[in-house]
A.B. asks: 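One structure is given below, represented as C-alpha cells, and several questions about it will come after.
Both counts, for ligands and for their atoms, begin at 1 and track the order of listing. Note that this is a predicted model, so its numbers are computed, not measured. Basis for what follows: all heavy atoms, side chains included, without hydrogens, waters or symmetry-related copies. Position 1 is the first residue of the sequence; numbering continues from there.
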Amino acid sequence: MNIVMVGTGYVGLISGLCFAEFGFKVTFVDKDNNRIKKLNQGLMPIYEPGLDELFAKHQKNTKQIKLSNDITKSLSNADAVFITVGTPSRRIDDDADLTSVYAVAEEISHNIKKYCLVVIKSTVPVGTSRKIKEIIQKKVNNSMFDVASNPEFLREGSAINDFMRPDRVIIGIESDKGEKILKSLYRPLYILETPIVITNLETAELIKYASNSFLATKISFINEVADLCEKVGANIQDVSKGMGLDKRINSKFLHAGPGFGGSCFPKDVKAFSNTAKKNNIKLSIVDSVNEFNKQRPKILAKKIEKFFSNNVNNLKFALLGLSFKPNTDDIRDSTSIIIGNELLQSGAKIIAYDPKAMKNSQYENPKFKYGSDVYDTCNNVDAIIIGTEWNEFRALDLKKLKTLVNKTIIFDLRNLYNQDELKNLGWEHISIGR
Ligand code: UGA
C-alpha cells in the first residue's frame with residue numbers, strides 16, 4: 001500500500017514514519033521546499049524522542065519513505081492520502097483556521113487519477129470532513145475517492161509510542177472500500193487487540209475535541225481543588241491519588257500545576273466551544289475550563305509576587321523549564337514562559353534554562369537571559385521556579401545549589417520535591433496544593 005502524508009509537522013511526520021514502521025511505503029509531501037531539503041538531510045523540524053532514529057532507519061535502511069514537494073506526482077500512485085497540516089487558532093475569533101486544510105483538499109481534487117482514500121488527520125471542527133468531500137466532489141467522480149476522518153491522539157514527547165500502542169483508533173468512514181483500506185493500514189495493531197471504533201465523519205471529528213476537552217477539564221478541575229487544598233491544609237497529591245484509585249476516575253491527568261499549555265488543548269478547547277456556539281449549544285463546562293486555564297499562570301505569577309510583598313523589582317529568578325511539557329522543544333502556550341513574562345513585566349529579571357527548548361525560547365523571548373545549565377542559571381538568583389517537569393530537574397543537587405543562590409527559595413510548580421526534605425535542607429519550598 002502506498003501512503004501520502006501532506007504536511008510534515010509533528011502529526012504528519014510521526015504518523016507517516018509509524019506507517020513506514022508497519023511496512024507501508026510513505027511519501028511525505030510539503031510545499032515548503034526548505035523543510036523538504038532539511039528533512040532530506042535528516043534534519044528534523046521538531047525535537048521528539050526517537051524521531052531522528054526512526055527517520056534515519058526508513059530513509060537509509062528500509063527506504064520505505066520518500067520526500068517530495070510535488071503533490072501531483074506523489075498522488076499518482078497513492079492508495080491513501082492523509083491530510084496532516086496545521087489548524088491553528090484564528091486570532092479574530094479563536095476558531096480553528098482551516099485555510100491549509102481546504103487548500104490541500106483543493107490540490108488533492110486536481111490530482112486524483114485513480115481511486116484514493118482521503119484521510120483527515122488534522123484536528124478539524126465537526127463538519128470539515130464533509131466539506132472536504134464536497135470540495136473533491138466538484139472535480140472527482142464519487143467512485144474515485146472516499147473521505148475518512150481519523151483523528152490522532154499523540155502526545156508530544158511520547159508520540160511514537162502513542163501511535164504504536166494506542167488506546168483506540170477512531171475511524172469516521174461511510175464506505176466499505178474506505179473502511180477496508182483503513183483497517184488494513186491499522187492491521188499491525190490487531191495483535192495488541194487495539195479497539196477500533198468505526199463511525200460516521202461527524203462523530204469521529206467530535207470524539208477528538210470531546211477527548212481533548214475532557215482531559216483539559218480534568219486538569220482544570222484538579223487545579224481548582226489544589227487551590228482549595230492550600231486553604232484547608234489538605235495535600236493535592238494525596239487527593240489525586242485517592243480519587244484516581246477509583247477506576248471510574250483514573251489517576252491520569254490529575255497532576256496539579258500551572259495549567260495546561262501546548263499546541264493542542266488551549267486551541268481545541270476554544271474551537272470546541274465555538275463549534276457548539278454555532279450550533280446554539282453552550283458548552284458551559286468547557287468555557288469555564290478555558291477561562292480558568294487562561295488565568296492560571298497569571299495567578300501563579302501573582303502568587304510568586306505576593307511572596308515577595310508584591311515587589312519583585314530587580315529580583316532575579318531562575319526559570320527552569322521553558323517547553324510546555326518535558327521531552328519536547330515546543331513552547332507554544334507554555335505556562336512557564338507566561339509566568340516568566342508576567343514577572344518580567346513587574347520588573348523582575350529572568351534567567352532561563354531548558355534542556356531542549358532554548359533556541360525556540362531565545363527567538364521569542366529575547367528579554368530573558370539564558371543559562372548554560374541548571375547551576376549556571378541559578379547562580380546568584382533570589383528564587384528558583386521549576387516550570388516544566390523535565391527529568392533533569394527531578395534530582396537537583398540542592399546542597400550545591402544552596403551555595404550558588406542568593407536566597408534559598410524554590411517555587412516548585414510541578415510538585416517535584418518532597419516538602420519535608422527541602423525544609424530539612426534549609427530551602428523554602430512553595431509548591432501547588434500542598
Ligand atoms: C494532547 C493529548 O494528550 C493528545 O492525546 C492529543 O493527541 C494531543 O493533545 C493533540 O491534540 O494533538 P499534548 O498536548 O502533546 O497532547 O500533551 P499532554 O501530555 O496532553 O499535556 C497537555 C498539557 O496539560 C501540558 O501543558 C501538561 O503539562 C498539562 N497537564 C497534563 C497537566 O497540567 N496535568 C496533567 O495531569 C496532565
Side-chain angles (χ1 to χ4, degrees), residues 7 9-15 18 46-49 84-89 96 120-125 150-163 165-170 204-226 236-237 239-241 243-244 249-272 289-290 292-294 296-297 300 321-339 357 386-390 393 413-416 432-433:
Y10 126 91
V11 174
L13 272 178
I14 303 284
S15 309
C18 289
I46 47 162
Y47 169 75
E48 176 68 30
T84 56
V85 292
T87 54
S89 277
I120 294 102
K121 223 181 216 323
S122 302
T123 300
V124 291
N150 174 218
E152 53 83 18
F153 299 97
L154 312 175
R155 284 165 301 172
E156 291 186 31
S158 54
I160 294 172
N161 188 57
D162 286 349
F163 193 98
R165 286 170 206 79
D167 289 340
R168 80 306 207 184
V169 172
I170 305 293
E205 291 168 332
L206 207 127
I207 288 171
K208 166 71 187 188
Y209 278 101
S211 301
N212 272 7
S213 299
F214 187 77
L215 290 170
T217 303
K218 272 187 106 172
I219 299 169
S220 285
F221 179 88
I222 208 66
N223 284 338
E224 278 198 329
V225 176
I236 192 63
Q237 282 179 309
V239 171
S240 298
K241 193 173 172 191
M243 283 172 64
I249 297 175
N250 177 312
S251 62
K252 301 212 173 108
F253 280 72
L254 286 181
H255 300 289
F260 55 81
S263 65
C264 306
F265 285 177
K267 100 175 152 62
D268 291 352
V269 164
K270 285 184 261 181
F272 194 34
V289 166
N290 178 32
F292 174 76
N293 194 67
K294 229 165 51 189
R296 184 143 183 93
L300 288 188
L322 296 162
S323 54
F324 82 96
K325 63 181 276 189
N327 297 323
T328 176
D329 60 354
D330 195 342
I331 57 164
R332 284 175 283 180
D333 277 336
S334 157
T335 48
S336 189
I337 290 180
I338 298 171
I339 290 168
I386 302 178
T388 314
E389 68 277 32
W390 282 93
F393 305 150
L413 306 185
R414 298 286 180 170
N415 287 348
L416 298 189
I432 302 283

A.B. asks: Write out the residue and atom name of the closest protein heavy atom to atom 37 (C) of ligand 1, then the distance separating them to 0.1 Å.
C.D. replies: F253 CD2, 3.4 Å
A.B. asks: When the ring planes of F265 and F260 are compared, do they come out parallel, tilted or perpendicular, using 30° and 60° as the limits?
C.D. replies: perpendicular
A.B. asks: Taking only Lys NZ, Arg NE, NH1 and NH2, and the carboxylate oxygens of Asp or Glu, determine whether E389 and K325 approach each other closer than 4.0 Å.
C.D. replies: no
A.B. asks: In the protein, what heavy atom is nearest to atom 1 (C) of ligand 1, and what distance, to one decimal place, separates them?
C.D. replies: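 The answer is F265 CE2, 3.5 Å.
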A.B. asks: Identify, for atom 23 (C) of ligand 1, the protein heavy atom at the shortest distance, and state residue, atom and that distance.
C.D. replies: F260 CB, 3.6 Å
A.B. asks: Check each heavy atom of I219 against ligand 1 and say whether those closer than 4.0 Å belong to the side chain, the backbone, both or neither.
C.D. replies: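 Contact part for I219 vs ligand 1: side chain (C-beta onward).
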A.B. asks: Ligand 1 versus D268, non-hydrogen atoms closer than 4.0 Å: side chain, backbone, both, neither?
C.D. replies: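 The answer is the side chain of D268.
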A.B. asks: Does ligand 1 have an atom under 4.0 Å from some heavy atom of G257?
C.D. replies: no
A.B. asks: If the condition is salt bridge (charged side-chain N to carboxylate O under 4.0 Å, His left out), which residues does R155 pass it with, not counting sequence neighbours?
C.D. replies: D162
A.B. asks: Answer side chain, backbone, both or neither: which part of T123 comes under 4.0 Å from ligand 1, heavy atoms only.
C.D. replies: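 For T123, there is no contact with ligand 1 at all, from either part.
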A.B. asks: Nearest non-hydrogen contact with atom 12 (O) of ligand 1 belongs to which option: R414, E152, K218?
C.D. replies: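 Of the listed residues, E152 has the closest heavy atom.
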A.B. asks: What's the shortest distance from atom 7 (O) of ligand 1 to any protein heavy atom, and which residue and atom give it?
C.D. replies: L154 N, 2.9 Å
A.B. asks: Do ligand 1 and C264 have nitrogen or oxygen atoms that lie under 3.5 Å from each other?
C.D. replies: no
A.B. asks: Can you find an N or O of G261 that's nearer than 3.5 Å to an N or O of ligand 1?
C.D. replies: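 Checking ligand 1 against G261, an N or O pair does fall under 3.5 Å apart.
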A.B. asks: Are any of the side-chain heavy atoms of I432 and L300 separated by less than 4.5 Å?
C.D. replies: yes
A.B. asks: For A226 and A256, work out which heavy atoms get closest and say how close.
C.D. replies: CB-CB, 3.8 Å
A.B. asks: Search all heavy atoms of Y209 against all heavy atoms of A96 and return the closest pair with its distance.
C.D. replies: OH-CB, 4.2 Å
A.B. asks: Starting from atom 11 (O) of ligand 1, locate the nearest protein heavy atom and write down its residue, its atom name and how far away it is, to 0.1 Å.
C.D. replies: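 Scanning the protein heavy atoms, the shortest distance from atom 11 (O) of ligand 1 goes to K208 NZ, 2.6 Å.
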A.B. asks: Going by the rule salt bridge (charged side-chain N to carboxylate O under 4.0 Å, His left out), which residues pair with D268 if we only count those two or more places apart in sequence or in a different chain?
C.D. replies: none
A.B. asks: How close does the nearest protein non-hydrogen atom get to atom 18 (P) of ligand 1, and which residue and atom is it?
C.D. replies: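 Atom 18 (P) of ligand 1 sits closest to the protein heavy atom K325 NZ, 3.6 Å.
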A.B. asks: So for ligand 1, is R155 a polar contact partner (N or O within less than 3.5 Å, distance only)?
C.D. replies: no
A.B. asks: Starting from atom 15 (O) of ligand 1, locate the nearest protein heavy atom and write down its residue, its atom name and how far away it is, to 0.1 Å.
C.D. replies: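 Protein heavy atom with the smallest distance to atom 15 (O) of ligand 1: E156 N, 2.7 Å.
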A.B. asks: Does any N or O of ligand 1 fall below 3.5 Å from an N or O anywhere on E389, backbone included?
C.D. replies: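 So ligand 1 has no N or O lying under 3.5 Å from an N or O of E389.
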A.B. asks: Would the number of heavy atoms belonging to other residues, nucleotides or ligands and lying under 6.0 Å from CZ of F221 be above 12?
C.D. replies: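 Counting other residues, nucleotides and ligands, CZ of F221 stays at 12 neighbours or fewer.
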A.B. asks: Side chains of T123 and K267, heavy atoms from C-beta outward: is any pair under 4.5 Å?
C.D. replies: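 Yes. Closest side-chain heavy atoms under 4.5 Å.
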A.B. asks: Which residue owns the protein heavy atom closest to atom 25 (C) of ligand 1, what's the atom, and how far is it?
C.D. replies: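 The protein heavy atom lying closest is F324 CD1, 3.7 Å.
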A.B. asks: Could you give me the CA-CA distance, side-chain angles and deciding distance for E156 and S263, then say whether side-chain hydrogen bond (donor to acceptor under 3.5 Å, both in side chains) is met?
C.D. replies: CA-CA 9 Å; E156 291 186 31; S263 65; 3.2 Å; yes
A.B. asks: Should the proximity of H255 to ligand 1, defined as any heavy atom under 4.0 Å, be assigned to the side chain, the backbone, both, or neither?
C.D. replies: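 The answer is both, backbone and side chain.
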A.B. asks: To the nearest 0.5 Å, how far apart are CG in L13 and CG in L154?
C.D. replies: 11.5 Å
